[in-house]
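Below is one structure, written out as structure tokens, with a few remarks after it.
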Amino acid sequence: MDALHLYNTLSGKKEKFEAIKPPFVGLYVCGPTVYSNVHLGNCRTFISFDLINRYLRYLGYQVRYVRNITDAGHLENDAEVGEDKISKKARLESLEPMQIVQTYSIDFRDKMEVFNTLPPDIEPTATGHIVEQIDIIKDIMDKGLAYEINGSVYFDVLKYSETDNYGILSGRKIDELLSGSRALDGQDEKKNAVDFALWKKASPSHIMRWNSPWGEGFPGWHLECSVMSTKYLGESFDIHGGGMDLKFPHHECEIAQNKAANGTHAVKYWLHGNMLTFEGTKMSKSLGNSILPNELFSGDHKLLNKGFDPMVVRFFMLQAHYRSTLDFSNEALEASEKGFQRLMAAFETLHSLDVSDTSDIDSDSYKSLFEGAMNDDFNSPILISHMFDLVKAINSVADGRMTINQATKDGLTELMQHFVVDILGLTPSKQGDGAALIDGLMDVIIDVRNRSRLNKDWATSDAIRDQLKDLNIVVKDGKDGAKWEAQ
RNA sequence: GGUCUCGUGGCCGAGUGGCUAGGCAGUGGUCUGCAAAACCAUCCACAGCGGUUCGAAUCCGCUCGAGACCUCCA
């Protein structure tokens with residue numbers, strides 16, 4: 001494709017991308033609820049949108065990337081007996097809620113950096129926008145689309161549906177929602193089961209609470225994204241993304257809130273990333289099949305044979321299309337690891353190729369293949385497959401079976417820099433700080449020393465021991481052989 | 001139960017109505033003191049049954065199977 005097309009969940013089709021106000025692009029992505037460590041499935045979504053953000057920038061767009069942090073307002077159970085996710089965790093650990101928020105926000109940002117995702121331009125928090133949320137609630141109430149009961153405010157979905165289409169994004173039908181809802185648990189104060197909370201009254205024991213015109217309480221989950229996206233990107237912006245599991249009800253509610261408050265459907269293109277699965281099932285904390293990034297890096301998890309470099313994990317994820325589910329397994333990771341190393345090795349090889357006057361390779365054709373793949377709804381797997389064709393060509397030149405001229409070499413170097421580093425966000429593995437590598441190196445050193453001792457080559461064995469000592473590594477000879485220890 | 005998505009070779013994973021992605025593994029080579037690595041070449045597919053078509057993995061129907069959402073979730 002010669003122009004960027006993307007799959008819009010709203011229309012269910014691939015559409016040509018046309019920015020509302022080029023060269024600017026507003027990109028909003030639903031971020032995490034920071035009540036626990038991000039797991040790998042969470043990371044996948046943000047890596048997917050990192051790819052999208054990076055490619056938009058490569059195309060020359062000036063992107064304003066906004067990704068929120070949900071630090072309040074997330075109802076845990078049924079609304080009636082609901083408790084805020086953050087405050088629940090806080091009470092369990094006797095911590096201040098914002099302490100929880102801080103701990104897991106740091107973890108989140110740290111993992112995003114390790115996976116080499118570009119930070120968002122704005123990272124707003126729900127608690128930082130309570131005032132704006134109250135304002136929009138008042139606005140929606142003024143328009144007659146929300147009602148207050150017992151200090152809580154609910155969005156009137158049926159009323160809204162008289163003039164608008166609740167379900168426009170997810171394809172839900174109000175009737176089906178009403179009949180299918182499990183309306184019995186704790187039969188609540190809402191007029192209809194499909195109504196959702198804009199503001200919840202805080203029970204006496206609830207520790208996260210703010211003053212409002214309706215008494216002390218806390219905002220509903222869907223509201224923050226409506227508020228923060230329009231605040232920072234305007235009442236109409238280009239792209240809104242998030243995980244597939246947020247499509248309903250979260251994004252559906254967002255649309256309704258925006259439409260109710262501003263009269264506009266704020267978002268032009270809705271993009272949804274698919275789930276990371278494990279043995280075919282969605283990875284999620286509640287199912288107990290989630291893996292944390294650190295566990296994957298170190299290999300310290302019962303389901304893992306070994307650890308993997310973050311860049312390998314990123315590459316693994318980019319080998320699948322963002323709208324497809326991706327199944328996680330040791331085997332798949334190991335395959336990606338080998339492929340990643342081969343790709344990066346060829347990238348290195350490219351720099352040192354001898355040039356000729358003639359060239360069997362044409363960099364422009366690769367460029368159009370690469371761009372064509374990405375233009376087709378960010379198809380990174382296809383992009384990578386073309387890259388491996390190029391890998392083959394590079395190796396053939398290195399092998400003397402093909403030739404390349406200086407201009408082509410320069411063109412390919414720039415092309416690979418753009419697509420491997422800038423767009424896919426892949427950097428060479430940093431194996432130097434890996435404990436596994438150190439262990440391996442030490443084994444080699446100890447082995448060499450043992451052999452010199454067997455040969456009674458004491459000069460060598462003592463030199464090794466002394467030099468290690470200088471590095472604060474102590475070698476201890478015992479009956480069962482030598483051991484070492486870092487001081 | 002309702003809505004929707006998907007079922008591709010040993011594994012992961014793209015895909016267009018006809019021209020057979022890619023990675024890993026396997027196999028055969030090159031290289032190498034040996035081995036490994038690296039590199040080159042190559043085998044294996046489209047859940048099942050019908051239908052549409054000159055032709056379908058790609059369109060339609062059914063069967064079987066898997067998953068997602070309908071409650072918090074990236």
Side-chain angles (χ1 to χ4, degrees), chain A residues 9 12 29-33 35-36 38-49 67 70 73-79 81-85 88 108 167 170-173 175-182 185 193-194 196 221 241-252 272-277 279-287 290 315-343 345-346 349 369 373 376 379-392 394-401:
Chain A
T9 311
V29 174
C30 288
T33 305
Y35 67 98
S36 62
V38 278
H39 68 251
L40 221 50
N42 303 129
C43 293
R44 185 188 178 201
T45 295
F46 302 121
I47 288 172
S48 294
F49 283 101
R67 187 182 62 207
T70 298
H74 224 153
L75 298 183
E76 174 127 277
N77 297 305
D78 172 66
V81 290
E83 187 172 20
D84 193 281
K85 258 191 176 157
K88 178 175 181 184
F108 173 64
S170 59
R172 303 289 149 132
K173 303 275 186 289
D175 301 346
E176 291 164 359
L177 287 170
L178 284 172
S179 62
S181 66
R182 301 172 303 167
D185 38 352
V194 288
F196 56 91
W221 169 39
M244 203 76 99
D245 48 358
L246 297 183
K247 199 158 75 171
F248 188 89
H250 184 57
H251 291 156
E252 197 68 61
H272 289 94
N274 217 324
M275 302 292 104
L276 181 68
T277 61
E279 288 169 346
T281 305
K282 175 182 171 182
M283 187 177 286
S284 78
K285 201 157 299 179
S286 53
L287 293 174
S290 65
F315 180 73
F316 162 71
M317 291 182 175
L318 293 173
Q319 273 188 303
H321 186 82
Y322 78 93
R323 281 194 293 114
S324 300
T325 56
L326 169 62
D327 202 47
F328 176 93
S329 69
N330 268 294
E331 261 187 308
L333 258 305
E334 280 168 22
S336 288
E337 183 174 52
K338 294 250 178 82
F340 174 70
Q341 285 161 355
R342 199 157 83 90
L343 175 66
T349 302
L369 283 171
D376 186 7
N379 200 325
S380 54
I382 294 289
L383 167 64
I384 290 170
S385 78
H386 291 317
M387 278 181 180
F388 276 106
D389 290 339
L390 178 55
V391 165
K392 204 168 281 188
I394 289 169
N395 287 330
S396 294
V397 174
D399 228 31
R401 280 173 293 104

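None of these values were measured; they are calculated from a predicted model. Residue numbering restarts at 1 for every chain, and letters A, B, ... go by the order of the sequence lines.
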Ignoring the backbone of Pro381(A), work out which of rA74(B), rC12(B), rG13(B) is nearest its side chain.
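The closest nucleotide is rG13(B).
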Which nucleotide in the list rG13(B), rA74(B), rC40(B) gets nearest to the side chain of Thr45(A)?
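Minimum distance to the Thr45(A) side chain belongs to rA74(B).
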Does the cation-pi check pass for Arg67(A) over Phe49(A), that is, NZ or CZ under 6.0 Å from the six-membered ring centre and within 45° of its axis?
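No, a cation-pi geometry is absent between Arg67(A) and Phe49(A).
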Rounded to whole Å, please give me the gap between [atom1] in [X] and [atom2] in [N].
X         : N       : atom1 : atom2 : value
Asp327(A) : rU5(B)  : CG    : C1'   : 16 Å
His321(A) : rC6(B)  : NE2   : C1'   : 14 Å
Leu178(A) : rU3(B)  : CG    : P     : 15 Å
Leu246(A) : rU71(B) : CG    : P     : 14 Å
Gln341(A) : rA36(B) : CD    : P     : 17 Å
Leu390(A) : rG23(B) : CG    : C1'   : 15 Å
Asp389(A) : rA14(B) : CG    : C1'   : 13 Å
His272(A) : rC4(B)  : NE2   : P     : 17 Å

Between [M] and [N], how far apart are the [atom1] atoms? Round to whole Å, please.
N       : M       : atom1 : value
rC60(B) : rC6(B)  : P     : 10 Å
rA25(B) : rA41(B) : P     : 16 Å
rG51(B) : rG17(B) : C1'   : 15 Å
rG18(B) : rC31(B) : P     : 42 Å
rC40(B) : rA45(B) : P     : 24 Å
rG22(B) : rA14(B) : C1'   : 8 Å
rC34(B) : rA47(B) : C1'   : 48 Å
rG15(B) : rG9(B)  : C1'   : 15 Å

For Ser170(A) and rC69(B), is the shortest distance between a side-chain N/O and OP1 or OP2 below 4.0 Å?
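Looking at the OP1 and OP2 atoms of rC69(B), neither is under 4.0 Å from any side-chain N or O of Ser170(A).
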With respect to the phosphate group of rG15(B), does any side-chain polar atom (N or O) of Asn379(A) fall under 4.0 Å of OP1 or OP2?
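It does, given that an N or O in the side chain of Asn379(A) lies less than 4.0 Å from OP1 or OP2 of rG15(B).
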Pairs under 3.5 angstrom, nitrogen or oxygen only, protein versus nucleotides 24-32 of chain B, please.
| unit_1 | atom_1 | unit_2 | atom_2 | d |
| --- | --- | --- | --- | --- |
| rC24(B) | OP1 | Arg342(A) | NE | 3.1 |
| rA25(B) | OP1 | Lys338(A) | NZ | 3.1 |

For [N], the Watson-Crick or wobble partner whose two distances fall under 3.5 Å:
N       : answer
rC24(B) : rG10(B)
rG17(B) : none
rG67(B) : rC4(B)
rA56(B) : none
rC62(B) : rG48(B)
rA38(B) : rU30(B)

To check you understand the geometry: which heavy-atom pair defines the closest contact between Met275(A) and Met244(A), and what is its length?
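Looking at all heavy atoms of both residues, the closest pair is CE-N, 3.4 Å.
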Mind checking salt bridge (Lys or Arg N to Asp or Glu O under 4.0 Å) for Lys282(A) and listing every partner two or more places apart, or none if nothing turns up?
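In terms of salt bridge (Lys or Arg N to Asp or Glu O under 4.0 Å), with neighbours along the sequence ignored, Lys282(A) is linked to Asp245(A).
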Does Ser36(A) form a side-chain hydrogen bond (donor to acceptor under 3.5 Å, both in side chains) with Lys285(A)? I'd like the steps, not just the answer.
CA-CA 10 Å; Ser36(A) 62; Lys285(A) 201 157 299 179; 2.3 Å; yes
Approximate separation, where rounding is to 0.5 Å, of Asp327(A) CG and Leu276(A) CG:
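Rounded to the nearest 0.5 Å, the CG-CG separation comes out at 8.0 Å.
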Starting at OG1 of Thr277(A), measure out to CD of Glu279(A) and round the result to the nearest 0.5 Å.
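Interatomic distance, Thr277(A) OG1 to Glu279(A) CD, rounded to 0.5 Å: 9.5 Å.
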Looking at side-chain heavy atoms only, is the closest gap between [X] and [Y] below 4.5 Å?
X         : Y         : result
Phe316(A) : Leu326(A) : yes
His386(A) : Asp389(A) : yes
Leu383(A) : Asn379(A) : no
Cys30(A)  : His251(A) : yes
Arg44(A)  : Asn274(A) : yes

Just call it for [X]: base, sugar-phosphate, or nothing, with non-hydrogen atoms closer than 4.0 Å on any strand.
X         : answer
Leu333(A) : nothing
Lys392(A) : sugar-phosphate
His250(A) : nothing
Gly273(A) : nothing

N-O pairing of Lys173(A) and Asp175(A) below 4.0 Å:
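Here Lys173(A) does not pair with Asp175(A) in a salt bridge, since their nearest N and O are not under 4.0 Å apart.
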Please compare Arg323(A) and Gly171(A) by the position of their nearest nucleotide in RNA chain B and report the one closer to 5'.
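By nearest-heavy-atom nucleotide position, the 5'-most residue is Gly171(A).
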RNA chain B: His386(A) or Ser329(A), which has the more 5' nearest nucleotide?
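This one resolves to Ser329(A).
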Restricting both atoms to N or O, compile the protein contacts to nucleotides 66-68 of chain B shorter than 3.5 Å, with distance only.
| unit_1 | atom_1 | unit_2 | atom_2 | d |
| --- | --- | --- | --- | --- |
| rA68(B) | OP1 | Lys282(A) | N | 3.4 |

